[in-house]
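In what follows, chains carry the letters A, B, and so on, assigned in the order in which the sequence lines appear, proteins first and then strands, with residues in each chain numbered from 1.
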Protein chains: 2
Amino acid sequence: MLQQINVEEKRLEDYRSIIGDSKMEEILALAAPLKGAKVLHVNATAFGGGVSEILYALVPLMRDVGLDAEWQILHGEDEFFNVTKSFHNALQGAEISLTEEAKEIFNRYGRLNAEALEGDYDFVLMHDPQTAAIRHYHGHEGGKHWIWRCHIDTSTPYPEVWNFLQPYLEIYDAGIFTLEQYVYGDLEFPVLALITPTIDPLSPKNRPQTLQESREIIRRFGIDTNRPLLVQVSRFDPWKDPLGVTDAYRMIKVQMPELQLALVGSMASDDPEGWDYYERTIRHAGEDYDVHILHNLHGVGNVEVNAFQNAADVVIQKSTREGFGMVVTEALWKGKPVIGGNVGGIPLQVIDGKTGYLVDNPLMCAERCYHLLQHPEESKAMGQAAQEHVRDNFLITEHLKNYLKLFTKLSAF
Amino acid sequence: MLQQINVEEKRLEDYRSIIGDSKMEEILALAAPLKGAKVLHVNATAFGGGVSEILYALVPLMRDVGLDAEWQILHGEDEFFNVTKSFHNALQGAEISLTEEAKEIFNRYGRLNAEALEGDYDFVLMHDPQTAAIRHYHGHEGGKHWIWRCHIDTSTPYPEVWNFLQPYLEIYDAGIFTLEQYVYGDLEFPVLALITPTIDPLSPKNRPQTLQESREIIRRFGIDTNRPLLVQVSRFDPWKDPLGVTDAYRMIKVQMPELQLALVGSMASDDPEGWDYYERTIRHAGEDYDVHILHNLHGVGNVEVNAFQNAADVVIQKSTREGFGMVVTEALWKGKPVIGGNVGGIPLQVIDGKTGYLVDNPLMCAERCYHLLQHPEESKAMGQAAQEHVRDNFLITEHLKNYLKLFTKLSAF
């Protein structure tokens with residue numbers, strides 16, 4: 001048997017005051033005919049990353065509306081995760097060398113996990129490439145409807161890896177992608193659903209904090225809360241462009257010497273590349289201590305990220321490549337306009353001139369930031385529009401609704 | 001019972017070719033009358049730091065010469081180690097607030113570990129402040145001779161903490177300190193021994209590497225082995241002055257643009273102060289990528305430290321405060337002259353103008369480094385003197401000899 005993940009109870013009712021009666025009724029109406037349906041989510045890890053954040057909220061909410069939902073994680077050793085990490089990079093466009101050994105490892109763990117999968121489900125949801133081969137090795141038993149859920153940007157995958165995976169994928173009954181352009185080549189599913197990631201407004205990362213609470217928290221990290229603050233929350237890697245953000249900050253600082261920048265990320269102790277780019281970011285900041293570079297090993301966890309986003313004057317997400325960008329959603333939800341790179345899922349969230357600005361380079365980023373800093377009323381109005389945009393589209397309840405719609409559609413087959 | 005640490009076997013005979021016949025005979029003659037003596041070492045941790053490095057070599061060598069030696073670590077929870085960490089800082093001079101709660105915690109664990117200590121020993125060695133109270137709570141049973149071994153610089157302790165500990169210390173039969181000036185105030189022991197830390201020439205950190213091996217290893221971290229290299233191996237903290245080392249490097253670089261500097265340290269993931277100073281070091285280096293700043297999370301372990309020391313042109317240890325400085329010993333042993341701060345145990349090792357140079361500031365450090373870089377023959381001769389100085393005084397076999405001498409002296413009481 002695969003490892004079962006226990007989740008806390010959640011009540012949809014607690015979201016009523018956030019999403020309103022009509023959305024509540026819509027969800028409950030969709031759920032009613034699905035009552036008792038057995039649902040299984042399988043992914044690779046219970047910790048870290050957007051997928052597990054979503055499942056911690058989604059699985060209990062499915063249960064609360066009457067579905068019999070479970071979450072299991074697959075079994076893998078280092079050799080397997082090394083292969084799937086390289087596949088992940090390749091699906092995002094990196095050229096890798098796809099060896100026979102890698103294929104063998106991928107298939108061996110696919111078979112092993114397929115054999116370990118027990119029980120009989122109405123809907124089996126396999127998340128991301130790690131799980132892709134399980135359907136093939138498991139056969140038709142055990143699941144009426146098999147769904148593959150892709151959370152990554154596969155718009156320009158490295159073809160050799162995509163071609164290797166495609167036969168495993170096209171035998172699923174449905175595919176879920178974040179954006180239509182992420183369905184590459186001639187891959188087709190009997191049913192295709194486009195569902196974006198979403199955030200849980202009641203999680204520690206998104207739960208309302210008063211401005212005073214947030215300011216108290218960020219002061220502990222050396223921020224002067226009487227001076228303006230730009231924030232970017234992101235891993236330290238080239239695609240998040242922390243160096244470009246620092247350049248933009250510098251351009252504004254000439255006009256506004258009191259400005260501060262916080263680059264907030266998370267570090268894995270087993271990721272040397274991550275360390276290199278973190279160091280590069282610090283070196284680029286040099287001895288300007290108004291640039292604060294912080295990560296989990298400094299004690300920045302979910303509550304602190306929440307505080308930085310909530311206390312920021314402007315939030316930046318200057319990505320040059322982005323699957324969806326849940327940190328953008330988080331910031332918009334806190335009523336902050338976001339200056340975002342015009343890539344991936346960001347334009348779905350940042351409506352240029354309405355919920356923030358889309359930018360292509362550091363100068364543009366600096367100009368937009370400076371404009372918002374100089375026009376606090378406009379910034380505030382934009383922040384309110386931002387929050388409404390998330391309320392309408394990117395809360396976990398919307399995710400639940402879209403899954404229920406997909407299950408309804410599949411049940412009709 | 002306290003937790004027993006298992007150590008690998010070691011044979012003194014393997015050191016004969018390093019230390020020579022006469023030292024060998026001296027040790028064996030001292031050991032003969034002590035044959036079968038039961039010895040117990042107790043310290044706080046089996047991992048990290050000079051004390052455990054020493055015990056991993058010393059305990060098996062004591063066994064090899066016929067003593068019945070054991071190593072146990074005491075039991076403690078976070079509350080205890082937080083107190084002893086503050087005591088450690090206070091004994092090195094930091095002002096702390098010594099609360100009744102801290103005293104209570106220290107005493108409670110002292111009693112608890114005293115009760116857990118079982119068996120009957122001829123010599124019980126308690127290492128560092130964490131163990132200090134055990135003698136008091138254990139009473140006289142279980143050990144004929146109780147010895148307290150202090151590995152830290154207690155030359156100017158914070159008096160309140162010293163006064164709290166002194167009654168626990170003065171009931172030991174013997175005290176061991178690194179330097180005479182570390183015995184503070186009116187503390188007296190029936191027997192006082194001065195024994196410096198030492199290194200194990202057969203450990204992975206000190207085992208001979210060919211220059212070619214070392215260069216291959218450090219090239220993996222981006223070092224250009226065709227260009228001169230300065231190395232400092234140290235934690236990133238103000239007392240090791242990595243910023244001053246960088247300043248010295250810059251002064252030389254004006255004359256010698258091809259110069260490189262490697263600052264190699266180790267990081268604990270639960271030490272926010274360590275992270276702050278690491279970041280400060282990187283910021284000070286700025287975007288000069290000839291300054292390499294590396295640590296264990298980059299994959300720098302014992303073998304890599306060995307390689308950096310062995311491949312360096314000059315090794316620096318510009319401490320402004322230093323108990324002894326085992327990294328100085330390690331570098332001298334590799335035939336490198338060391339430019340060291342004129343503090344703590346460094347002048348015992350760095351004989352000015354003979355095994356290296358003692359310096360008081362970055363300019364002096366730069367001048368001495370530049371001189372050695374310009375005079376490779378002189379540097380080589382100094383390195384040979386450095387190695388002989390370590391061979392005579394600071395190898396683990398010397399440590400063994402000094403312990404045996406102390407045991408002999410105590411047995412005569």
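Ring planes of B/Trp275 and A/Trp275: parallel class, angle under 30° (limits at 30 and 60°).
Annotation: A/Arg235, atom CZ; neighbour count of heavy atoms from other residues, nucleotides and ligands within 6.0 Å does not exceed 12. Atom CD of B/Glu8 has 12 or fewer heavy atoms from other residues, nucleotides or ligands within 6.0 Å. Heavy-atom contacts from other residues, nucleotides or ligands closer than 6.0 Å to CD of B/Glu213 number more than 12. Dense packing is recorded around CZ of A/Arg321, with more than 12 heavy atoms of other residues, nucleotides or ligands lying under 6.0 Å away. In A/Gln212, the CD atom is not crowded: 12 or fewer heavy atoms of neighbouring residues, nucleotides or ligands sit closer than 6.0 Å.
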Original post:
Are B/Glu287 and A/His284 close enough, and set up right, to give a side-chain contact (heavy atoms from CB on, under 4.5 Å), and what steps lead you there?
Top reply: CA-CA 6 Å; B/Glu287 291 180 295; A/His284 194 64; 2.7 Å; yes

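Of the inter-residue distances, the one linking A/Phe221 atom CZ with B/Asp276 atom CG reads 10.5 Å to the nearest 0.5 angstrom. Annotation: the span from A/Glu279 atom CD to B/His298 atom NE2 amounts to 5.5 Å, rounded to 0.5 Å.
In terms of modelled atom types and a separation under 3.5 Å, the side chain of B/Arg283 and the main chain of A/Ile282 share no donor-acceptor contact.
For B/Tyr278, the part lying under 4.5 angstrom from a heavy atom of chain A is the side chain only.
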